[in-house]
There are 2 protein chains.
Amino acid sequence: MDTKTEIMDLAEQLIRSRGYNSFSYKDISSALNIKNAAIHYHFPAKHDLGKAIINRTRLRFAQHISEWKTASPTRQLEQFIATYEGANEKELICFMGSLGPSYKTLPESMQKELTAASFEIRSWIRIILKAGLADGSFSFNENLEEKSDAIITSLLASLIMNRVTGENILASIKSVIFTGLQREAL
Amino acid sequence: MDTKTEIMDLAEQLIRSRGYNSFSYKDISSALNIKNAAIHYHFPAKHDLGKAIINRTRLRFAQHISEWKTASPTRQLEQFIATYEGANEKELICFMGSLGPSYKTLPESMQKELTAASFEIRSWIRIILKAGLADGSFSFNENLEEKSDAIITSLLASLIMNRVTGENILASIKSVIFTGLQREAL
DNA sequence: TTGCTTACTTACTTACTAGTAAGTATATTT
DNA sequence: AAATATACTTACTAGTAAGTAAGTAAGCAA
């Protein structure tokens with residue numbers, strides 16, 4: 001594997017386990033047995049590395065939703081939640097949950113990438129919910145946009161709460177999400 | 001006002017706007033026109049300050065829920081959500097949303113305080129939902145513990161998402177929460 | 001009035017941070 | 001064979017971090 005990819009993989013792991021402002025180039029250089037300056041060769045400034053990682057995540061997400069396209073809305077949502085379960089097993093939180101709280105400390109280039117990512121994810125969930133309503137697999141009375149945001153926020157924070165509580169909050173949230181898509185008002 | 005309280009107030013604001021690892025004693029000392037060492041006089045180590053702030057938040061929460069005690073479950077939940085709305089107006093996220101993502105980087109004393117706080121908040125919401133079910137003001141079919149966790153996670157992350165998206169996600173989440181407490185299964 | 005406590009300041013240390021300039025070995029191109 | 005590009009290392013800088021030791025001014029207590 002090439003050094004640049006190794007740097008990005010490790011940096012992503014560090015960001016999602018410790019946070020952007022809590023890792024240094026030294027953490028990466030000592031783990032990969034390279035020098036500090038080698039990272040600067042590939043990513044001149046730290047924000048170049050940060051930006052590249054968010055951008056790669058956006059591309060991965062685009063690939064994922066493209067692969068899932070033919071599946072049912074329920075199955076697509078399950079696949080999406082499975083990515084959170086995968087993160088959970090590796091004791092990582094999602095990049096939005098890691099970078100979002102320190103949004104104000106991030107350089108502008110990273111803020112822009114992060115905001116763009118948030119709109120991509122939110123619009124995809126809206127599309128899935130709309131499709132589920134259309135084919136009858138989902139049923140709910142809340143506003144579609146609001147419902148979508150309730151789903152991503154609870155998933156995002158479940159990974160954070162897993163850490164703090166030591167319990168599997170994600171499993172609870174998954175259960176509540178699917179129950180909430182099979183309901184009618186009184 | 002005394003210096004110690006001023007330090008804590010500013011540190012809390014910094015933690016909830018930038019994060020624990022993204023503020024320094026210098027941020028506080030220059031803002032309050034005191035010296036670096038003056039903060040160390042009141043809080044020998046940074047984690048002493050961090051711990052004190054979480055502990056104060058726990059005490060405040062205990063006071064709040066004690067004051068709300070006589071109100072209806074709906075009103076108590078509204079009061080709770082109003083604290084998030086207050087944070088939102090000050091462009092702050094909640095301390096759990098700020099400290100949770102960097103949980104692994106925190107000293108043990110802060111981790112313990114944070115975990116204790118999470119159990120206090122979660123058990124309170126469970127009590128409110130139980131009371132609402134009992135007096136008929138709430139109606140839902142999900143597991144009570146899971147429903148409680150869905151509520152706090154979505155509130156926590158809504159403040160984070162407000163920042164990233166620039167939209168008022170908290171308002172959406174509030175709407176979805178109350179709709180989700182007035183439903184029956186098909 | 002002497003001693004002690006409180007609430008600091010002055011002046012410093014050690015460690016780490018991102019970042020850079022200059023040099024080098026290896027491979028690729030012309 | 002010579003020139004050039006790639007992927008680094010060596011060796012450094014300037015700035016910032018938390019933390020500390022010693023000193024001080026003001027107030028209170030015996």
Side-chain angles (χ1 to χ4, degrees), chain A residues 1-56 98-99 101-111 113-114, chain B residues 1-54 56 98-99 101-111 113:
Chain A
M1 208 209 288
D2 67 313
T3 306
K4 190 171 183 175
T5 309
E6 282 187 283
I7 292 168
M8 285 181 73
D9 288 349
L10 184 53
E12 182 183 339
Q13 204 194 358
L14 287 166
I15 288 173
R16 293 173 60 191
S17 78
R18 312 178 60 82
Y20 178 74
N21 292 313
S22 299
F23 87 92
S24 73
Y25 273 25
K26 203 194 168 189
D27 293 327
I28 295 174
S29 60
S30 47
L32 299 184
N33 249 301
I34 55 175
K35 300 298 163 185
N36 173 32
I39 310 170
H40 281 285
Y41 169 73
H42 293 288
F43 303 98
K46 196 185 178 186
H47 61 84
D48 295 317
L49 176 54
K51 190 186 162 182
I53 288 166
I54 307 177
N55 196 258
R56 188 175 68 169
S98 173
L99 298 171
S102 47
Y103 189 78
K104 287 186 176 183
T105 73
L106 300 179
E108 213 193 310
S109 63
M110 287 182 66
Q111 291 184 340
E113 283 284 337
L114 199 62
Chain B
M1 206 210 285
D2 67 314
T3 307
K4 190 171 182 175
T5 309
E6 282 188 282
I7 293 168
M8 285 181 73
D9 289 349
L10 184 53
E12 182 183 339
Q13 205 195 358
L14 287 165
I15 288 173
R16 292 173 59 190
S17 78
R18 311 177 61 82
Y20 178 74
N21 292 313
S22 299
F23 86 92
S24 74
Y25 273 26
K26 203 194 169 190
D27 293 327
I28 296 174
S29 60
S30 46
L32 299 183
N33 249 301
I34 54 175
K35 300 297 163 185
N36 173 31
I39 310 169
H40 280 285
Y41 168 74
H42 292 289
F43 304 98
K46 196 183 178 187
H47 61 84
D48 293 317
L49 176 54
K51 189 186 163 184
I53 287 165
I54 308 176
R56 188 174 70 168
S98 172
L99 297 172
S102 47
Y103 189 78
K104 287 186 176 183
T105 72
L106 300 178
E108 213 192 310
S109 63
M110 288 182 66
Q111 290 184 340
E113 283 284 336

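Only a predicted model underlies this, so the values are computations on that prediction, with no experimental measurement involved. Heavy-atom basis, side chains included; hydrogens, waters and symmetry copies ignored. Just so it is clear: chains get the letters A, B, ... in the order the sequence lines come, proteins before strands, and each one is counted from 1.
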Worksheet item: Nearest heavy-atom pair of A:Gly19 and A:Ser98: which atoms, and what distance?
Response: CA-OG, 3.8 Å
Practice prompt. Cation-pi check, A:Lys4 to A:Phe43: give yes when NZ or CZ is under 6.0 Å from the six-membered ring centre and within 45° of the ring axis, no otherwise.
Written response: yes
Practice prompt. Measure from CZ on B:Phe43 to C1' on D:dT20 and round the result to the nearest Å.
Written response: 18 Å
Worksheet item: Passes side chain to side chain contact (heavy atoms under 4.5 Å, CB included), A:Ile7 versus A:Ile34? Steps please.
Response: CA-CA 10 Å; A:Ile7 292 168; A:Ile34 55 175; 4.2 Å; yes
Response to the item:
A:Ile7 CD1 to D:dC8 C1', in whole Å, measures 10 Å
Discussion item. Rounded to whole Å, please give me the gap between CD1 in B:Ile28 and C1' in D:dA17.
Written reply: 13 Å
Discussion item. Between C1' on D:dT13 and NE2 on A:His40, what's the gap in Å once rounded to a whole number?
Written reply: 12 Å
Item to complete: Starting at atom CG of A:Leu32, determine the distance to atom C1' of D:dA7, rounded to an integer number of angstrom.
Response: 14 Å
For nucleotides 8-12 of chain C, tabulate all protein N/O to nucleotide N/O atom pairs closer than 3.5 Å, reporting atom names and distance.
residue	atom	partner	partner atom	Å
C:dC8	OP1	B:Thr3	OG1	3.3
C:dC8	OP2	B:Thr3	OG1	3.0
C:dC8	OP2	B:His42	NE2	3.2
C:dT9	OP2	B:Lys35	N	2.9

Practice prompt. Report yes or no: is the cationic atom of B:Lys46 (NZ for Lys, CZ for Arg) closer than 6.0 Å to the six-membered ring centre of B:Phe23, at no more than 45° off its axis?
Written response: yes
Practice prompt. Check whether any side-chain N or O of A:Ser24 sits under 4.0 Å from OP1 or OP2 of C:dT17, and answer yes or no.
Written response: yes
Worksheet entry | Separation of C:dC16 P from A:Phe23 CZ (nearest whole Å) | 17 Å
Practice prompt. Can you establish whether the number of heavy atoms outside B:Lys104 located under 6.0 Å from its atom NZ is more than 12?
Written response: yes
Worksheet item: Taking C-beta and beyond as the side chain, do B:Leu32 and B:Ile39 meet within less than 4.5 Å on heavy atoms?
Response: no
Discussion item. Just the rounded figure in Å: distance from P of D:dG15 to NZ of A:Lys46.
Written reply: 19 Å
Response to the item:
B:Asn21 CG to C:dC16 P, in whole Å, measures 15 Å
